[in-house]
Number of protein chains: 2
Amino acid sequence: MGPTVRKPGVPCCERAMDRPAKRATSADVARVAGVSRTTVSFVLNDKPGQTIPAETRRRVLEAARSLAYQPHSSARALAAGRSDIVLLSLPAMPIGAGISRFIEELATALAEHGLTLVTHLSGAQVRPLPAVCASVNASAVIGFEPFDADTARALHGAGAVFVFPFRTADADPMRSVGRLQAAYLIGRGHRRIGYAMPLSRGLRAMAEDRLDGAAEACAEAGIDAPVVASTDLEAATAARAVSEWTARSVTGVCAFNDETAIAVLAGMRTHGLAAPADLAVVGMDDIPTARLTVPPLTTFAFALADLSRRQAKAIVAGLAGGVPSAPLAAIAPRLVERASA
Amino acid sequence: MGPTVRKPGVPCCERAMDRPAKRATSADVARVAGVSRTTVSFVLNDKPGQTIPAETRRRVLEAARSLAYQPHSSARALAAGRSDIVLLSLPAMPIGAGISRFIEELATALAEHGLTLVTHLSGAQVRPLPAVCASVNASAVIGFEPFDADTARALHGAGAVFVFPFRTADADPMRSVGRLQAAYLIGRGHRRIGYAMPLSRGLRAMAEDRLDGAAEACAEAGIDAPVVASTDLEAATAARAVSEWTARSVTGVCAFNDETAIAVLAGMRTHGLAAPADLAVVGMDDIPTARLTVPPLTTFAFALADLSRRQAKAIVAGLAGGVPSAPLAAIAPRLVERASA
DNA sequence: CTGAAAGCGCTAACAC
DNA sequence: GTGTTAGCGCTTTCAG
């Protein structure tokens, strides 16, 4: 391939500077500003209840800037007894634009309160969450999936002050997606519902919850529980699932998520079936490519935008010793109606 | 929706225990084991060159376990002058199964060396990387995208010892994807290549690099530079791009990534065109749904698996003061041949 | 209003 | 081999 011309100024694989460039400490700032470290600490954190002369303030700020002073987070955490880190644990599932956006907004909202969000992709092999939490010294950890009792205990033990799974006592977002999907289908006159489970083990627990929700909706409508069939993201496998459904006269299927739904669509294609006439399918997530299928996928999506604000608020309140706000429970997916159901 | 039955033992929105459950310190362990803190530190980190009696070791370990001792990471980082945190900066793009897997493996490889990986989704609004780096006190930061000089400098200033963008001096993986895509098409006899750019601003820089690679391949083959058309993930927009290509007698198009490729396929459909006969399209990433399109998408994918091992190795070496290993450069996407080109 | 002093929990020279 | 002793950089009472 040969050496290519590099854009100037773009370092590639850089080592530390020869002399590790000792970071300026708060003592340095104090010296330059001609005040004590205490004063520096006060103005930099603008401690309430302190009345520092404007001139002194200015000098300190000026000194800090000129030295490119960056408080040492570990030292601060050690002294203050708490870090400004919030850890977000993400399940092993594709992170689409929706979730990215949620994360971005959550990070922004948290940043406004001086908190830093980092994420940890949980996975089978990876370090357990409590260990990561301890490593980064997180003050709070947020989970997309509920934590089991052991994990929660360990998290507390590792110093995490609060734990905020999305699932709350009042409502289970996972359940509600299944519920909403099934209810939508039932509302369109379907009396025999199918459920497309992912074959992937990692998604199992979440899928089971969603299925439960769908089953609840069926029960309430007085129809049979969903006919469950599993599939991976392979047309052939999905085709088999489709056979099961048609054989049992299912007319509408809730897919675990959009990817699964797209697989179902592909499976239908190999049978020469078309949605929604032959079989209606509804997905979940509204992934970017959901509108590019034939027919465009009817799906649901979490309104992640305001969720992020609420989560941020709850965490800040929690860290401040308050009680997490109740509205956290009121998270429901919204319908994105297209043409597949 | 009504109250639903909760699985027992699954906490929902948990506050810290009433009494914050003072974590055991190394002094506690020392007391219980009847030794000094130094000894505790030695056995717990099993410091090389120390020869501690097996019996003492056992007592210390036992005491640590019984107290559920967890070293305080901030204190450790402060004293040792370096944390065990590696920060991975991810661009604002969908994280598919491939990247997830890469991250998981990277985390595992790093964990084997006592390092903890956390990730940060970079985005427009979000806190700048150096700030996050400082907050978590990362020892190293890895980027999927290259860092500009300012960022790199700031990163060092924030205490990050090493910076390892994937792009190296010898080879540019981004460029090479464009190159490979175009070369593949050229190899199949196409003499007039199109390039599908994403409309999304965030992807722009990456896309430009890939396009450069494609242009290089064209130049080397002695054919015209790619005909560039932009599209978002909407069939109508993509259809317009397709018109541009067909109007300029393009017969094969390289798409920025699979999602863009799928959009192109959708755009072709609205024109009644079929791949690869009317227009060949090749994607990049091998996203899960790439095999579910009609026709299944021919695409490329990074062999992330061994990349992760090499990155981990390089980082460990770098942290130990060594020189990052050269083979980092040799990262090339592999072809996933299906039917769209 | 500002400074002195005491740690936060841990590591690492250096003695014993 | 193990304990003693300094700090790491910062926050935070408590005097001045």
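The structure displayed is predicted, hence computed values, not measured ones. Quick note on labels: first sequence line is chain A, next is B, and so on, each numbered from 1.
- B:Ala158 approaches B:Pro130 most closely through the heavy-atom pair CB-O, 3.7 Å.
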Report task. Could you encode protein contacts along nucleotides 11-16 of chain D as a string, one character per nucleotide from 5' to 3', using B for base contact, S for sugar-phosphate-only contact and - for no contact, with a heavy-atom cut-off of under 4.0 Å? Result -> BBB---
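- With rounding to whole Å, A:Arg23 atom CZ is found 8 Å from D:dC10 atom P.
- Taking CG from A:Leu121 and CG from B:Leu88, the interatomic distance works out to 8.5 Å, rounded to the nearest 0.5 Å.
- Judged by distance alone, the side chain of B:Ser73 and the main-chain N or O of A:Ser135 form a donor-acceptor pair under 3.5 Å.
- Regarding A:Arg57, its CZ atom lies at a distance of 13 Å from the P atom of C:dC1, rounded to whole Å.
- A donor-acceptor distance shorter than 3.5 angstrom exists from the side chain of B:Arg82 to the backbone of B:Leu319, with no hydrogens or angles considered.
- When only modelled atom types and interatomic distance are considered, B:Asp84 and B:His113 share no side-chain donor-acceptor pair under 3.5 Å.
- Straight-line distance from the CG atom of A:Leu44 to the C1' atom of D:dG9: 13 Å, rounded to whole Å.
- Salt bridge B:Glu112/B:Lys313: absent, no basic N to carboxylate O contact under 4.0 Å.
- OP1 or OP2 of C:dG3 has at least one side-chain nitrogen or oxygen of A:Ser36 nearer than 4.0 Å.
- Distance, B:Asp28 CG to C:dC8 P: 11 Å, rounded to whole Å.
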Throw together a table of side-chain donor-acceptor distances under 3.5 angstrom for residues 53-62 of chain B, partners on residues two or more places apart or in other chains.
from, atom 1, to, atom 2, distance (Å)
B:Arg59, NE, B:Ala33, O, 2.9
B:Arg59, NH2, B:Ala33, O, 3.1
B:Glu62, OE1, B:Arg65, NH2, 2.6

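- Across its full length, the helix from C:dC1-D:dG16 to C:dC16-D:dG1 shows an angle of 40° between the axes of its 5 terminal pairs at either end, rounded to 10 degrees.
- Rounded to whole angstrom, the span from the CZ atom of A:Arg31 across to the P atom of C:dG3 amounts to 14 Å.
- In this structure, A:Arg59 atom CZ and C:dC1 atom C1' are separated by 13 Å, rounded to whole Å.
- When the nearest nucleotides of DNA chain D are assigned to B:Gly34 and A:Gln70 by heavy-atom distance, the more 5′-ward of the two goes with B:Gly34.
- Computed from coordinates, the A:Leu78 CG to D:dC10 C1' distance equals 8 Å when rounded to whole Å.
- Counting non-hydrogen atoms under 4.0 angstrom, A:Thr56 reaches the backbone sugars and phosphates but no base.
- Contact detail for A:Arg127 and A:Val132: the closest heavy-atom pair is CB-CG2, 3.9 Å.
- Separation of atoms CG (A:Leu78) and CG (A:Asn137) is listed at 9.0 Å; rounding is to 0.5 Å.
- Between the CG atom of B:Asn137 and the C1' atom of C:dC8 there is a distance of 16 Å, given to the nearest Å.
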